[in-house]
S.K.: 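Structure in structure tokens, see below.
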Protein chains: 2
Amino acid sequence: MNEPEMNTEQKILDAAKDVFQQKGMTGARMQEIADKAGINKALLHYYYRTKEKLFEKVFNIAFSIFIPKMQEIMLSEKPVFEKIDFFIENYMDLLTKHPYIPGFVINELNRNPQILVNIFEKNVQIKENKLFEKFDAQIQAEVQKGIIKPIDTRNLMTNVIGLIVFPIVARPIIQGIMFENDKKQYDVFLKQRKDFVKEFIINSIKA
Amino acid sequence: MNEPEMNTEQKILDAAKDVFQQKGMTGARMQEIADKAGINKALLHYYYRTKEKLFEKVFNIAFSIFIPKMQEIMLSEKPVFEKIDFFIENYMDLLTKHPYIPGFVINELNRNPQILVNIFEKNVQIKENKLFEKFDAQIQAEVQKGIIKPIDTRNLMTNVIGLIVFPIVARPIIQGIMFENDKKQYDVFLKQRKDFVKEFIINSIKA
DNA sequence: TCTATCTTTGACCAGTTGGTTAAATCGGTT
DNA sequence: AACCGATTTAACCAACTGGTCAAAGATAGA
């Protein structure tokens, strides 16, 4: 398509993203990334000196894709029900565009949890604790007002994210067992699932 | 402890389980498995001719751990609410004993979905469709009786499993972001979460 | 046109990897 | 004690892996 116009650095990042996300850090081969980028392997090392540095870059880009929208939604002034609606709507769309990222991130973090620490060190602007505290305060305020049932914020957040992410991460097994490996059927399932998850959560927490 | 009493084959399987589950198929090294089993690398190949054959064995054992209880619960004669209670109770305990298996299985299936097909070919007794059909029939029957709200069985099953498995698979990221990487605190969270998930699901689907 | 810097390449290297082989050792049988 | 199959080992190998290097092209300014 537009390959000849892209600069080498971007071609490398695109190729590396594909290979790393499909095969993981340990399974990826520098030669394959070079081939997919249409360049020499030496050139790969010219731009990103080591495999680890290239991996780190790819991982950070992947991770960053899911952070800004979360902050935006959680810090907005909407009531909790609307925030949850918004969150599900936005992240299910985002996952449709980037289905391999969650599995990639989860897997690499299990392999080496230290990666997260490095990310936090470099991105000082992500003050997760403040983010959580503010959202928690809102939840407990709405509990007081009788809008939602008494609920633990961490459990609620885990549920919302889990219900969105799990069917993407575990796609091969769910699609294989419950959908006879029918890809199209599973895509339809995921699309319809948006409203299901919204209802499921709201039903459960509304007072 | 009791290593000298174990036979070589079992020592190999134990070591292979550890290494494969922690580093994945591509990250695992035959030498490391041999070392951990306290044997020579050639002996590893004497018992399991190739890395792939050893991996297949380890994967099948891991996968099998989570199947029987599921069949038992789903095919039992309890009402749906009880089945869900039972399911959450049993699988959260199972996951406490085998926390690395879900991530391992999910990751390897994303790398090579073909593995699932091979498992089904070898385990003819797992007729998932029959299993699903019977459970689906029970759900819809209880919907008719007005016990639970109208609901899609596949979405419900995805939710139940996802709410159980996700906090285990995504432990590094959730523990890191929401629990300041406090391992003990997260263990407490998981223990308390059992009842939370039960309530969360029942609240959502009861008519 | 000359030159200095950036980009790209083919050839190469040392360390690692899964796997093999021939010989040694063990354990039981005769 | 001689024998035989199963088990275990040290030494080895070809292929692969991340990474390097010197030299060749490309590009733009003087």
Side-chain angles (χ1 to χ4, degrees), chain A residues 1-62 104 107-108 111-112 114-115 118, chain B residues 1-62 104 107-108 111-112 114-115 118:
Chain A
M1 296 272 203
N2 44 9
E3 279 185 32
E5 301 160 37
M6 272 197 281
N7 64 357
T8 307
E9 206 162 338
Q10 192 57 47
K11 279 195 294 184
I12 291 178
L13 281 181
D14 286 354
K17 184 199 72 185
D18 284 355
V19 177
F20 275 130
Q21 284 179 13
Q22 204 196 351
K23 315 211 164 171
M25 165 68 181
T26 55
R29 297 290 164 245
M30 294 299 268
Q31 187 60 61
E32 190 182 348
I33 294 174
D35 291 346
K36 197 162 267 187
I39 59 162
N40 191 285
K41 183 162 67 96
L43 194 53
L44 209 56
H45 289 278
Y46 173 77
Y47 280 96
Y48 300 91
R49 281 206 311 269
T50 66
K51 189 185 183 185
E52 304 231 349
K53 290 213 188 298
L54 178 56
F55 171 80
E56 205 178 306
K57 186 105 187 183
V58 169
F59 186 92
N60 284 342
I61 292 173
F104 170 66
N107 181 42
E108 297 301 333
R111 191 181 54 90
N112 176 20
Q114 186 66 23
I115 306 175
N118 300 338
Chain B
M1 297 269 204
N2 44 9
E3 277 185 33
E5 302 161 36
M6 273 197 280
N7 63 357
T8 306
E9 205 162 338
Q10 192 56 46
K11 279 194 295 183
I12 291 177
L13 282 182
D14 286 354
K17 183 199 74 184
D18 284 355
V19 177
F20 275 130
Q21 285 180 12
Q22 203 196 351
K23 315 213 165 170
M25 164 68 182
T26 55
R29 298 289 163 243
M30 293 300 267
Q31 187 62 60
E32 190 182 350
I33 295 173
D35 290 347
K36 197 162 268 186
I39 58 163
N40 191 285
K41 183 162 67 96
L43 194 53
L44 209 55
H45 289 277
Y46 173 76
Y47 280 96
Y48 301 91
R49 282 208 308 272
T50 66
K51 189 185 184 185
E52 304 232 347
K53 291 214 188 297
L54 179 56
F55 171 80
E56 205 178 306
K57 186 103 187 183
V58 169
F59 186 91
N60 284 342
I61 291 174
F104 170 66
N107 180 42
E108 298 300 333
R111 190 180 55 89
N112 174 21
Q114 185 66 23
I115 305 175
N118 299 338

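Below, read A as the first sequence line, B as the second, and so on, with proteins coming before strands; counting in each chain starts at 1.
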S.K.: What is the separation between atom NZ on Lys11(B) and atom P on dT7(D), rounded to the nearest whole Å?
M.R.: 13 Å
S.K.: Could you check how far CD of Gln31(B) sits from P of dG15(C), rounded to whole Å?
M.R.: 17 Å
S.K.: What integer distance in Å separates Tyr48(B):OH from dT7(D):P?
M.R.: 12 Å
S.K.: Checking side-chain polar atoms at under 3.5 Å, does Gln31(A) have a donor or acceptor matched by the opposite partner on Asp35(A)?
M.R.: yes
S.K.: A side-chain contact here means heavy atoms from C-beta on lying under 4.5 Å apart; do Val58(A) and Val19(A) qualify?
M.R.: no
S.K.: Any chance you could measure Asp14(B), atom CG, to Ile61(B), atom CD1, to the nearest 0.5 Å?
M.R.: 9.0 Å
S.K.: On DNA chain D, nearest-nucleotide positions of Ala42(A) versus Asn40(B): which is more 5'?
M.R.: Asn40(B)
S.K.: For the pair made of CD1 in Ile39(A) and C1' in dC6(C), what is the distance, rounded to whole Å?
M.R.: 15 Å
S.K.: Given that Glu52(A) and Tyr47(B) both sit by DNA chain D, which one's nearest nucleotide is further toward the 5' end?
M.R.: Tyr47(B)
S.K.: Consider the side chain of Tyr46(A), meaning its heavy atoms from C-beta on, and name the nucleotide among dG19(C), dG18(C), dT7(C) that approaches it most closely.
M.R.: dT7(C)
S.K.: How many whole angstroms separate atom CD1 of Ile12(B) from atom C1' of dT7(D)?
M.R.: 11 Å
S.K.: Reading DNA chain C from 5' onward, which residue's closest nucleotide shows up sooner: Met25(B) or Thr8(A)?
M.R.: Thr8(A)
S.K.: Measure from the side chain of Met30(B), starting at C-beta and using heavy atoms only, and say which of dG18(D), dG19(C), dC21(D) lies closest.
M.R.: dG19(C)
S.K.: Specify the separation, in whole Å, of atom CG of Leu44(A) and atom P of dG10(C).
M.R.: 14 Å
S.K.: Given dG18(D), dG19(C), dA10(D), which nucleotide is nearest the side-chain atoms of Thr50(B)?
M.R.: dG19(C)
S.K.: Is the distance from OP1 or OP2 of dT16(C) to the nearest side-chain N or O of Arg29(B) less than 4.0 Å?
M.R.: no
S.K.: Answer with base, sugar-phosphate or nothing: what part of the nucleic acid does Ala28(B) contact at a heavy-atom distance below 4.0 Å?
M.R.: sugar-phosphate
S.K.: Kindly point out which of dT8(D), dT8(C), dT20(C) is positioned nearest to the side chain of Leu43(B)?
M.R.: dT8(D)
S.K.: Tell me if the side-chain of Lys51(B) makes a donor-acceptor pair with the base of dG19(C), cut-off 3.5 Å, by modelled atom types.
M.R.: no
S.K.: Can you label the angle between the Phe104(B) ring and the Phe55(B) ring as parallel, tilted or perpendicular, going by 30° and 60°?
M.R.: perpendicular
S.K.: Could you give the NZ-to-C1' distance, from Lys41(A) to dC21(D), as a whole number of Å?
M.R.: 13 Å
S.K.: Glu9(B) side chain to Tyr47(B) main-chain N or O, any donor-acceptor pair under 3.5 Å?
M.R.: no
S.K.: What is the distance, to the nearest angstrom, from the CG atom on Asn7(B) to the P atom on dC26(C)?
M.R.: 19 Å
